[in-house]
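Throughout, protein chains are lettered first and strands after them, A, B, ... in sequence-line order, and every chain is numbered starting at 1.
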There are 2 protein chains.
Amino acid sequence: MDTTPKTLHKAIISSIRKSLLELGSATKAELSEKLDISFPTISKFLSQMEKGGEIFSVGLDESSGGRRAKRYAYNPEYMLGLAVFLEKTETNYTIFNCVGEVKEQGETPSVLVDGGVNLLTKFIEEIVAETPSKICSIAIGVPGSVDNGKIFYVPGYEDFHDLDLEGYYEDYFSIPVVVENDINAAVLGFSHHNRMKDNQSLIYMYFGQNGPGAGLMINGDVVRGKTFFAGEVSFVPQYKEQNFGQALENRSSTKEGSVEYQIDSISRFVATCTAIINPHTVIFSNDEIETEMLSKVAIESSKYIPAEHLPELTVSEWKQDYLYGLQRLCLDLMIMNDGV
Amino acid sequence: MDTTPKTLHKAIISSIRKSLLELGSATKAELSEKLDISFPTISKFLSQMEKGGEIFSVGLDESSGGRRAKRYAYNPEYMLGLAVFLEKTETNYTIFNCVGEVKEQGETPSVLVDGGVNLLTKFIEEIVAETPSKICSIAIGVPGSVDNGKIFYVPGYEDFHDLDLEGYYEDYFSIPVVVENDINAAVLGFSHHNRMKDNQSLIYMYFGQNGPGAGLMINGDVVRGKTFFAGEVSFVPQYKEQNFGQALENRSSTKEGSVEYQIDSISRFVATCTAIINPHTVIFSNDEIETEMLSKVAIESSKYIPAEHLPELTVSEWKQDYLYGLQRLCLDLMIMNDGV
DNA sequence: ATAACTTATTAAAGATCTTTAATAAGTTAG
DNA sequence: CTAACTTATTAAAGATCTTTAATAAGTTAT
């Protein structure tokens, strides 16, 4: 519980940061009311944060009949975050500020394929060293299973198995670090970027070389499951002798593999998810499916489930959502940061 | 944020209650350490709670080399809870104390069928009036869709549609009230009674007159979904021309409807859930399925999904889990209670 | 039996938030 | 132009938690 001076101080700072970043700007009275913290306390903390350059005054409000209130905003450059994307073909990075503006980005050959953790470390070290402003948190996305920051399985890359990358880099860089599965980061990114209400359920579809997969957010939380198998939807039995993966694969190797067949498969999957989880939205990557096909999926799935219960089907840009997700994870670390 | 004297006081009291009920008993030092609250503050609050009869001393610990510490426990009779089960055939109630011991129970004809809210109100009034000790919270279970305490749909009983039963009874009785769907309460009850770790995923199956249904808990939270359709698993397409409900119904009207056919249906459903959510446990009611059949389901579902990812299949007593669930909901209200 | 030591608990001082009162900076009406 | 009023902000007093110091109640060794 936040009753000791240190933990109370940290909690107050974090809640002020969170509010200013969410609202864009606020007055003392607004913060006091929103956070249920007394006026002199808010005043004291804002004064300290302004003195340290973390926030700044953006002017006076219009008068509402009395004295005009002073309005404050968070300094977006006060902290920078680094997102690193480990992919099979390359390793990317993006540096961004507190409001998500990209300051710099680049890439290097894939550390998964060649170079391993040592090369990744060197790569991050160079980025951190060459960045003029201070990088305050790091988020790393990986195409594999992650549990509390520990990678334990990346299909095909044994060097990264059973690796507490998060703990290792927090020790190494003395910077808060978070490691997350790429699809889970994308679901998180889509949810936050589209300002979805709390506690919503989403399914983010992808159709990879190994068959379909999905990232799940249920009641606002990413779902991993008992053995981190959640989202391995290729295995869903759909027909008497075919599961989802087999049904989609079939479409490319036989005459039967028409678009209609594919639509039915996907529709059945949407219906299955509706009956079990009842998600708000199902997202497809816009380079994997066309909106025309989505319309057909919507129509087809209403044959299995009453239409009013079906999720909204939408397309989005997976890469961008992935970046938004890693940014969100970084920002959560920055808000909690007390090392500055 | 808990910074005002009133909210801080309430938060400290609630955390002490929660800890004593979870631990069974504790010393001042143990509470101070567990809750990260200073020793004199713990001491002050325990003194007040002891004076008010809410806790009592259970003696001195064995010496560990110095002065022997005093040990405290929560008074289980300090608050009682009332659970009311609205069913199609009858309405039941149970009165219990803080540790779940049943003090009294009984039943009346079903208020869903006859009498409506007025009869339910009268029924609860009589129970509250006739209970010697004070009832501090009420939980009501309903066989229908519930959103934040508001019933909006009970199949077949329109009197109860769009009814904020929770709000209405909190005003009427001035007692904290919670209203929950019966299956969701059972999932909650099973989870807590079996002391499952936080953030686990469970599926509680039932096979009713209207086909199969399920209660879902994912990452420790009950899942309702966009339109409260989550768990309507009857609609899951399983074969080319049959969904889950149809597949199970088929078994009782044709030769094909053998036990093997039923096992395959249920196994496919278990496999489907594993591929999407990867739950820890799937629970069946022990009056609806036999353990021998469950073994067969386990074997059969491993044909669809690698066995290491499959959930544990277990049977449990639905009625008891339902009671445990309503008790849990009541206890959560008691812990937060500041009206005593 | 008692001094030295260990551990539990309370008392006192310090820190920090809230509440109340006072002051500051505006607007409006005469 | 100024008095009266409104709203924002700071100052002072009060409340309550934490930290530090003191006291209490034990055990152990001599």
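Nearest-nucleotide positions on DNA chain C place Ile12(A) closer to the 5' end than the other of Leu60(A) and Ile12(A).
Residue Ile13(B) contributes atom CD1, which lies 10 Å from atom P of dC17(D) at whole-angstrom precision. Atom pair Glu62(B):CD and dT7(C):P shows a separation of 15 Å (rounding to whole Å applied). Atom CD1 of Ile37(A) and atom P of dT16(C) are 15 Å apart (whole Å). Atom CG of Leu8(B) and atom P of dG14(D) are 21 Å apart (whole Å). We find that CG of Asp61(A) is positioned 15 Å from C1' of dT6(D), with the value rounded to whole Å. To the nearest angstrom, P of dT7(D) lies 14 Å from CD of Glu33(A). Rounding to whole angstrom units, CZ of residue Phe39(A) and P of dA11(D) are separated by 13 Å. Atom-to-atom, CG of Leu46(A) to C1' of dA8(D) comes out at 14 Å; the value is rounded to the nearest Å.
For the contact set between residues 63-75 of chain B and DNA chain D, defined by any heavy atom under 4.0 Å, the members are Ser63(B), Gly65(B), Gly66(B), Arg67(B).
Aromatic rings from Phe56(A) and Tyr74(A) are positioned such that their centres are separated by 6.0 Å or more.
Among the nucleotides dA11(C), dC17(D), dC17(C), the one closest to any side-chain atom of Phe45(A) is dC17(C).
Arg71(A) is linked by a side-chain hydrogen bond (donor to acceptor under 3.5 Å, both in side chains) to Ser25(A), Glu30(A), Asp61(A), counting only residues two or more places apart in sequence or in another chain.
Atoms CG and OG1, from Leu326(A) and Thr94(A) in turn, are 8.5 Å apart once rounded to the nearest 0.5 Å. Note that the CG atom of Leu188(A) and the OH atom of Tyr322(A) stand 12.5 Å from one another [nearest 0.5 Å]. Between atom CZ of residue Phe173(B) and atom OG of residue Ser137(B) there is a gap of 13.0 Å, rounded to the nearest 0.5 Å.
In summary, Arg224(B) and Glu180(B) engage in a salt bridge, as defined by a charged side-chain N under 4.0 Å from a carboxylate O. Taking the charged nitrogens against the carboxylate oxygens, Lys134(A) and Glu77(A) have no contact shorter than 4.0 Å, which rules out a salt bridge.
Side-chain nitrogen and oxygen atoms of Lys44(B) include at least one within less than 4.0 Å of the OP1 or OP2 phosphate oxygen of dC17(D). Phosphate contact (OP1/OP2 of dT10(D), side-chain N/O of Lys28(A), threshold under 4.0 Å): present. When the side-chain nitrogen and oxygen atoms of Ser43(A) are compared with OP1 and OP2 of dT10(D), one or more of them lie within a distance under 4.0 Å.
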* Structure fact -> For DNA chain D, the dot-bracket notation using Watson-Crick and G-U wobble pairs below 3.5 Å, [ ] for pseudoknot-type crossings and | for other-strand pairs, is ||||||||||||||||||||||||||||||
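In this structure, Asn194(B) contributes its side chain and Phe190(B) its backbone to a donor-acceptor pair below 3.5 Å.
For NZ of Lys18(A), the number of neighbouring non-hydrogen atoms (other residues, nucleotides, ligands) closer than 6.0 Å is 12 at most.
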